[in-house]
Amino acid sequence: MRHLPSHPRPPPHPLNLEHQFPMTHHVEQHAMAEPLAPAWGWRGHGAGRAAHIQAAPEYQATTSQACGLYPFTAGSGTPTAGTPVGRHQLWGEVVCLDPLAWLREGLVTNPGMFVLGQPGTGKSTLVKRLVTGAVATGTTPIVLGDTKPDYTRLVEYLGGQVIRVGRGADRINPLDAGPLDEARRRLTGADAETLRWEVRSRRLSLLLALATLVREARITNAEEVVLGQAIDLLDDRLDHEPTIVDVLRIVEEGPAELRAAARTDTDTSYRAQTRDLVFTLDLLITGSLAGVFDSPTTRPLNLDAPAISVDISRVGAAGDKLLTAAMLCTWAYAFGMVDAATALAELGAAPRRSYLGVMDELWRALRGAPGLVEHADALTRLNRAKGMASIMITHSLADLDALATEEDRAKVKGFADRSAIIVLAGLPPRELARVHEITPLTGPEQHLVSSWSAPDSWQPGARHPGRGKYLIKTGERLGIPVELSLVGAETDLYDTDQAIRGTA
């Protein structure tokens, strides 16, 4: 056993190189013979022995302050709650995203998400990843009006339900309250009365929105009163869900209750009062919307399905008016089904579920006529209480400038304001300046997102610089730059360019 010296051996003089390195083999022998100092130093007086090594002090500071003292600081770790959507572009960490999961973890205050980006940057790809992750975690995604369609193949692959709306295909009754009305009929007392007013409000709200759409002007106060009374009469007289045809019929009949609601004493004055309303209702069932929303629902939404998609691509060829009507009806019907499921769960008659509503091509549904923004706003405002997250997708805030009135433009801006999560794909600087009015963007953040907006080369076949790259913003926090990479079957299922390439 070798005995360690009681004090460190003095090193050779640093300038005496001949003595320090006389020859190579001597250096090797010297290194083998020289003992190594213990971790805490040599034992003995004056040998530098440390009986205790104190931990280094820790300090906290913001990144803007600390980087001046120590330039190697980095931001906090990325969220690990939700669906993996890619890796952080700077640190390489996995980034997870899910509005409901983030709400449960206290990362955000509401489950609203607003996705903004130019065509071709991969907005739908990101949302499809979130849809897939939602199914895996027990949340039911509902695509509220697939206009292209982008989500049909994915939902079918996941074993979900696809409803194809159009003439000669599936139909949706705008006044169908579904399980919500069934739950109301099973209740008594105050609970039944509360649900009755909820059903009435939804039916009247959507009927007013559709009437506004075909008339291209708002319904008058007198007409709204008549429609409300007509819905009440049909609810008392019918043992099934009323349709727009039923509403038109009873308005034309003009029973005493409707004449009283119209404040008219004679048949002639009642006809004059309701003349425009009759033609508007007639347009809903004989005009451009004929054959789609004028009969009972053919395929109700199955909330037990892993995922649901309402494919309205067939009505898109008939013009924006029919497409807008289809989206409004789909939104109202789906939100009504979610409300019904929530009401039944509160009564203990059904399990409690969570939902993810996808509202793509948002701008196309809102520009149809004045006042439609208010209807969409009422549908989505209370999603948190329903256990439902919503994802709104559009190309540009400039799309929403096409709305008819300043009031509508101000309300639609509130959609983004209310969304706790804003995801930005490739956008030009002028668009980012507008986004900055809603959520603060630093200079580097704006430069990063704008660098994704257009290719820097004319080379054919070059990958778009913004494809699969996103900046996730929540409140005042610095954005999370993430890049998504497709795996497995996603490459085929998430592809929205097959028709352009001519592939199946």
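No hydrogens, no waters, no symmetry mates; every other heavy atom, side chains included, goes into these values.
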Novice: With sequence neighbours excluded, tell me which residues meet side-chain contact (heavy atoms from CB on, under 4.5 Å) with A136.
Specialist: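 Counting only residues at least two positions away or on another chain, A136 forms no side-chain contact (heavy atoms from CB on, under 4.5 Å).
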Novice: For T80, enumerate each residue passing the side-chain contact (heavy atoms from CB on, under 4.5 Å) test, keeping only those at least two apart in sequence or located in another chain.
Specialist: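 If we apply the side-chain contact (heavy atoms from CB on, under 4.5 Å) test to T80, skipping adjacent residues, there are no hits.
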Novice: Please collect all side-chain hydrogen bond (donor to acceptor under 3.5 Å, both in side chains) contacts where either partner lies in residues 420-434, sequence neighbours excluded, each pair once.
Specialist: S396-E431, D401-R434
Novice: Run the salt bridge (Lys or Arg N to Asp or Glu O under 4.0 Å) test against R477 and tell me which residues pass, sequence neighbours left out.
Specialist: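 Salt bridge (Lys or Arg N to Asp or Glu O under 4.0 Å) check on R477 returns nothing, list empty.
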Novice: Sequence neighbours left out, what passes side-chain hydrogen bond (donor to acceptor under 3.5 Å, both in side chains) with D304? Give chain and number order.
Specialist: R353
Novice: Can you list the residues that meet the side-chain contact (heavy atoms from CB on, under 4.5 Å) rule with Q446, with sequence neighbours excluded?
Specialist: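 Result, side-chain contact (heavy atoms from CB on, under 4.5 Å) vs Q446: L432, H436, L441.
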Novice: Could you tell me which residues satisfy side-chain contact (heavy atoms from CB on, under 4.5 Å) with P300, sequence neighbours excluded, listed by chain and number?
Specialist: Y333
Novice: With sequence neighbours excluded, tell me which residues meet salt bridge (Lys or Arg N to Asp or Glu O under 4.0 Å) with R200.
Specialist: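 Testing R200 for salt bridge (Lys or Arg N to Asp or Glu O under 4.0 Å), a comparison that skips the adjacent residues, returns D232.
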Novice: Taking salt bridge (Lys or Arg N to Asp or Glu O under 4.0 Å) as the test, write out the residues that go with E105, two or more places apart.
Specialist: none
Novice: Who passes side-chain hydrogen bond (donor to acceptor under 3.5 Å, both in side chains) against S451, sequence neighbours left out?
Specialist: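 Result, side-chain hydrogen bond (donor to acceptor under 3.5 Å, both in side chains) vs S451: none returned.
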Novice: Just by modelled atom types, is the V127 backbone N or O under 3.5 Å from a matching donor or acceptor in the Y151 side chain?
Specialist: no
Novice: Restricting to salt bridge (Lys or Arg N to Asp or Glu O under 4.0 Å), what partner residues turn up for E490, sequence neighbours left out?
Specialist: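 E490: salt bridge (Lys or Arg N to Asp or Glu O under 4.0 Å) contacts with R129.
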Novice: Please name all residues satisfying side-chain hydrogen bond (donor to acceptor under 3.5 Å, both in side chains) with T140, sequence neighbours left out, ordered by chain then number.
Specialist: none
